[in-house]
Amino acid sequence: MSRRCWLMKSEPEEFSIDTLKKVGVEPWSGVRNYQARNFMRDGMQVGDGVLFYHSNCDEPGVVGIAEVASEAYPDPTQFDARSDYHDPKSTREGPRWLLVDVRFRRKLARTITLAELKASAQLEDFALIQRGNRLSVLPVTPAQWDFILSLEKRSAA
DNA sequence: GCCAACGTTGGC
DNA sequence: GCCAACGTTGGC
């Protein structure tokens with residue numbers, strides 16, 4: 001079985017690594033992008049590693065490690081008229097949006113900042129830092145995963 | 001708060 | 001099916 005790794009973005013004001021630590025396992029609701037959905041549906045397997053990334057905040061970067069804790073299943077918020085994630089065009093018979101459960105593994109000793117990732121020649125091809133990339137769920141190669149985590153032990157640049 | 005990048009919508 | 005308009009993401 002080949003090793004698969006992912007990166008998932010969250011705005012810390014909405015849902016932070018500390019919140020995940022507290023709750024343990026969280027249904028990753030609210031993904032409303034087809035490419036991101038397809039990664040969850042077609043790519044993810046239970047146990048896959050996930051880099052937890054804080055976006056849209058003072059210090060964007062990788063802040064922790066989680067893992068995929070379920071197969072993809074329909075995101076219940078798409079059916080909830082009161083939810084921000086409600087999708088009136090989705091039906092229970094043919095749900096548009098899926099999610100996976102995400103389980104906390106550990107918090108990093110420090111934030112590995114976006115600036116550092118961008119400055120690393122080894123990460124030239126990393127989907128996160130490709131120009132204009134807004135995907136909230138994206139694949140990470142094992143080599144990229146290992147390199148990113150090797151940065152944890154270094155002092156901030 | 002600004003704005004570039006990009007996805008989606010809808011008129012035609 | 002094209003594409004302009006619009007909305008969202010997310011770094012800065």
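Throughout, protein chains are lettered first and strands after them, A, B, ... in sequence-line order, and every chain is numbered starting at 1. Keep in mind that the numbers below use all heavy atoms, side chains included, and drop hydrogens, waters and symmetry copies.
- Here A:D87 pairs with A:R96 in a salt bridge; the nearest charged N to carboxylate O distance falls below 4.0 Å.
- Following rounding to the nearest Å, A:E59 (CD) and C:dG10 (P) show an atom-to-atom distance of 17 Å.
- Side-chain N/O atoms of A:K118 include one lying less than 4.0 angstrom from OP1 or OP2 on C:dC12.
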I would like to know whether A:E71 and A:Y73 meet side chain to side chain contact (heavy atoms under 4.5 Å, CB included); could you show each step before the answer?
CA-CA 6 Å; A:E71 301 286 312; A:Y73 62 96; over 6 Å; no
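- Distances were taken from every side-chain heavy atom of A:S55 (C-beta onward) to each of B:dG10, B:dT8, C:dG10; the shortest belongs to C:dG10.
- Here A:Y53 reaches the OP1 or OP2 of C:dG11: one of its side-chain N or O atoms lies under 4.0 Å away.
- In this entry the distance linking CG of A:L7 with C1' of C:dG10 reads 14 Å, nearest Å.
- For A:L135 and C:dG10, the CG to C1' distance is 13 Å, given to the nearest whole Å.
- No side-chain donor from either of A:D101 and A:W28 sits under 3.5 Å from a side-chain acceptor of the other.
- Distance CG (A:D87) to C1' (B:dG7): 14 Å, rounded to an integer number of Å.
- At whole-Å resolution of the value, NE2 in A:H54 and C1' in C:dG11 are 16 Å apart.
- Proximity of A:K9 to the phosphate of C:dT9: no side-chain N or O atom is located under 4.0 Å from OP1 or OP2.
- In summary, the side chains of A:S16 and A:D18 do not present any donor paired with an acceptor at a separation below 3.5 Å, with no hydrogens or angles considered.
- Test A:I129, A:L128, A:T141 against A:L123 for side chain to side chain contact (heavy atoms under 4.5 Å, CB included) and you get one pass: A:I129.
- In this structure, A:L128 places its CG atom 16 Å from P of C:dT9, rounding to the nearest Å.
- Atom CD of A:Q130 is separated from atom P of C:dT9 by 21 Å (rounded to the nearest Å).
- The residue among A:N56 and A:K89 whose nearest nucleotide of DNA chain B is located toward the 5' end is A:N56.
- If you measure from atom OH of A:Y85 to atom C1' of C:dT8, you get 13 Å, rounded to the nearest angstrom.
- Closest to the side chain of A:R134, from the set C:dG11, C:dG10, B:dG10, is C:dG10.
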